[in-house]
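FYI, the numbering just counts along the sequence from 1.
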Amino acid sequence: MTNKGRQLKLGAFLYPTGHHIAAWRHPQAQADAGSNFDHYIALAQIAEAAKFDLIFMADGVGTRGADTEALSRTALRYVAQFEPITLLSALAAVTKRIGFVATASTSYNEPYHIARKLASLDHISGGRAGWNLVTSSSEHEAHNFGRDEHYAHAERYERAEEFADVVRGLWDTWEEDAFPRDKKSGIYFDPDKQHILNHKGKHFKVRGPLNVARAPQGHPVLVQAGSSEPGKELAARTAELVFTAHQTVEDARSFYADVKGRLAKYGRDKNDLKIMPGIFPVVGRTEEEAQAKFQEIQDLIHPVVGLSMLAGMAGGIDLSQFPLDGPVPELPETNSSKSRQRLLLDLARRENLTIRQLYLRIAGARGHYQIVGTPAQIADVMEEWFTTGAADGFNVMPPHLPVGLHDFVEHVLPELRRRGLFRTEYEGGTLRENLGLRVPRHPAEPRVAAE
């Protein structure tokens, strides 16, 4: 593929204390990060000064796991952290150019709520909002919303398809110039430029109108993270940015070609969708220093935490019943994240890992690509993936915060810039402009004939 003039897109994926399962225990980590707003202000300003495209916030509407001992030893199970749309709205006031992507589940929300909140964030930030559309994968979330069991996988994605359509329809309530706010004539809005949705579907009945004006970006950027077959189809139809997890460049290329190849049947161009795999970088001035840094944090993993993490990612299967230093057993298909379970099992088989070795292997990146090395080595991997059709950019997952983000910014970004792979200044003022995504046309606008 041609790469002339292309540059990487980069997201700063911010878990409160960092992405390693033991991050909060590291001497340099901000242990109270999940409840510390000043911590997030500092991170957002570091990422913006470095010209990252966006900050990405994962979320779950419930703690993950029923093992109280394991939960008490980790900060990565949504035990105590801010709700992302609230947090990002506050961060918008202390930044100017960086984008904000908030995760909100289609399983345990209503479309009107999400349409209103994300349109509001887009206005508050001046056109820098994005919505990471997910279907909740955790059974524990169901118990917070009047359900005894989680939606089945197929039903979650069917609901998500309709949910996305309703949200986008609500975002099209108002045309761009629907609000003259003319004091002389007394006309606040033009009724001819208001469009009532009147959606009636299998899962939702939503009349509208949305009581927020059309967003500065037309629509907030629509992001999707699923890599299962239904997830890829949903992404091809609706997403503008895809976050994904791959262990090899070959798998990443295959996914990239697959999803981009589905766009045409929905009338979309390959440039309408950016694919950004997660990458977990441990940076050292030498390879030996990087390995020592990594081992320092690996040594902080408690076995109870490692097993609990595996159970969550493997679909709720309790692996403590099997020998810790024995092989990973065959597992029944999960109703949670099917793509992540398959990634783990493939990794265990490919590298012949024991249960202990598997949790140590994924403790940092939880299935995303992990690289421990020098700035040049990390840049080499990113360049290969970018230039060979595996990625349009990366969602950077610092091991622990704030130091992990600072290390990447101070040491890896200069190497990427030296190679001409990353910007020195933002291209525009909105998230769409910086990602190179078109502004959605309002359905009422006349179509411009192709030349």
Side-chain angles (χ1 to χ4, degrees), residues 9 11 54 56 58-59 85 99-119 121-122 129-137 151 153-173 197 199 201-204 206 208 210 214-215 217-244 255-277 337-339 392-393 395 431-432 435-443:
K9 306 303 177 185
L54 57 93
F56 172 68
D59 192 46
I85 299 177
F100 298 113
V101 175
T103 297
S105 170
T106 60
S107 303
Y108 301 113
N109 278 295
E110 288 293 320
Y112 197 94
H113 287 141
I114 298 307
R116 189 175 188 228
K117 290 177 181 179
L118 268 296
L121 176 58
D122 207 52
W131 171 34
N132 181 36
L133 182 164
V134 300
T135 68
S136 292
S137 61
Y151 293 102
H153 189 271
E155 184 181 5
R156 293 204 305 271
Y157 274 94
E158 181 183 77
R159 178 184 166 96
E161 292 257 8
E162 187 179 339
F163 196 114
D165 289 343
V166 175
V167 168
R168 292 188 299 175
L170 287 169
W171 283 339
D172 285 334
T173 292
L197 181 61
H199 174 87
K202 179 177 179 180
H203 298 277
F204 304 105
V206 182
L210 188 66
R214 187 165 180 81
Q217 295 184 101
H219 294 176
V221 173
L222 195 55
V223 184
Q224 213 264 325
S227 297
S228 65
E229 185 61 28
K232 288 187 284 190
E233 200 64 25
L234 178 62
R237 189 168 81 84
T238 66
E240 297 168 290
L241 188 63
V242 170
F243 294 151
T244 183
F255 176 88
Y256 187 98
D258 183 358
V259 175
K260 295 258 186 174
R262 299 176 190 230
L263 295 173
K265 67 181 177 182
Y266 295 110
R268 306 182 67 199
D269 181 83
K270 65 179 182 178
N271 293 319
D272 291 337
L273 175 67
K274 308 296 181 184
I275 296 178
M276 295 171 61
S337 176
K338 294 182 183 294
S339 59
D392 295 309
N395 217 13
L431 180 56
R432 287 186 176 279
L435 289 172
L437 295 170
R438 71 178 78 183
V439 175
R441 182 188 65 86
H442 193 284

Asp392: which of Lys9, Lys270, Lys260 passes side chain to side chain donor-acceptor pair (under 3.5 Å): Lys260
Can you confirm whether or not the ring centre of Tyr157 sits under 6.0 Å from the ring centre of Tyr151? no
How are the rings of His219 and Trp171 set to each other: parallel, tilted or perpendicular (split at 30° and 60°)? tilted
Measure the acute angle between the ring planes of Phe243 and Phe56, then classify it against the limits of 30° and 60° as parallel, tilted or perpendicular. perpendicular
Between Thr103 and Asp59, which heavy-atom pair has the shortest distance, and what is it? CB-N, 3.7 Å
Partners of [X] by salt bridge (Lys or Arg N to Asp or Glu O under 4.0 Å), sequence neighbours excluded?
X	value
Lys117	none
Asp258	Lys232, Arg262
Arg237	Glu161, Asp165

How many angstroms lie between OG1 in Thr244 and CZ in Phe255, if you round to the nearest 0.5 Å? 4.0 Å
Those residues that, when tested against Glu240, pass side-chain contact (heavy atoms from CB on, under 4.5 Å) (two or more places apart): Val221, Leu222, Arg268, Arg432, Leu437
Could you tell me whether His113 atom NE2 has more than 12 heavy atoms of other residues or ligands within 6.0 Å of it? no
Side chain to side chain donor-acceptor pair (under 3.5 Å) involving Ser105 - partner list, sequence neighbours excluded: Ser136
How would you list, by chain and number, every residue that makes a side chain to side chain donor-acceptor pair (under 3.5 Å) with His199, sequence neighbours excluded? Glu162
Partner of Leu241 under side chain to side chain contact (heavy atoms under 4.5 Å, CB included), picked from Leu54, Leu273, Asn132, is Leu54
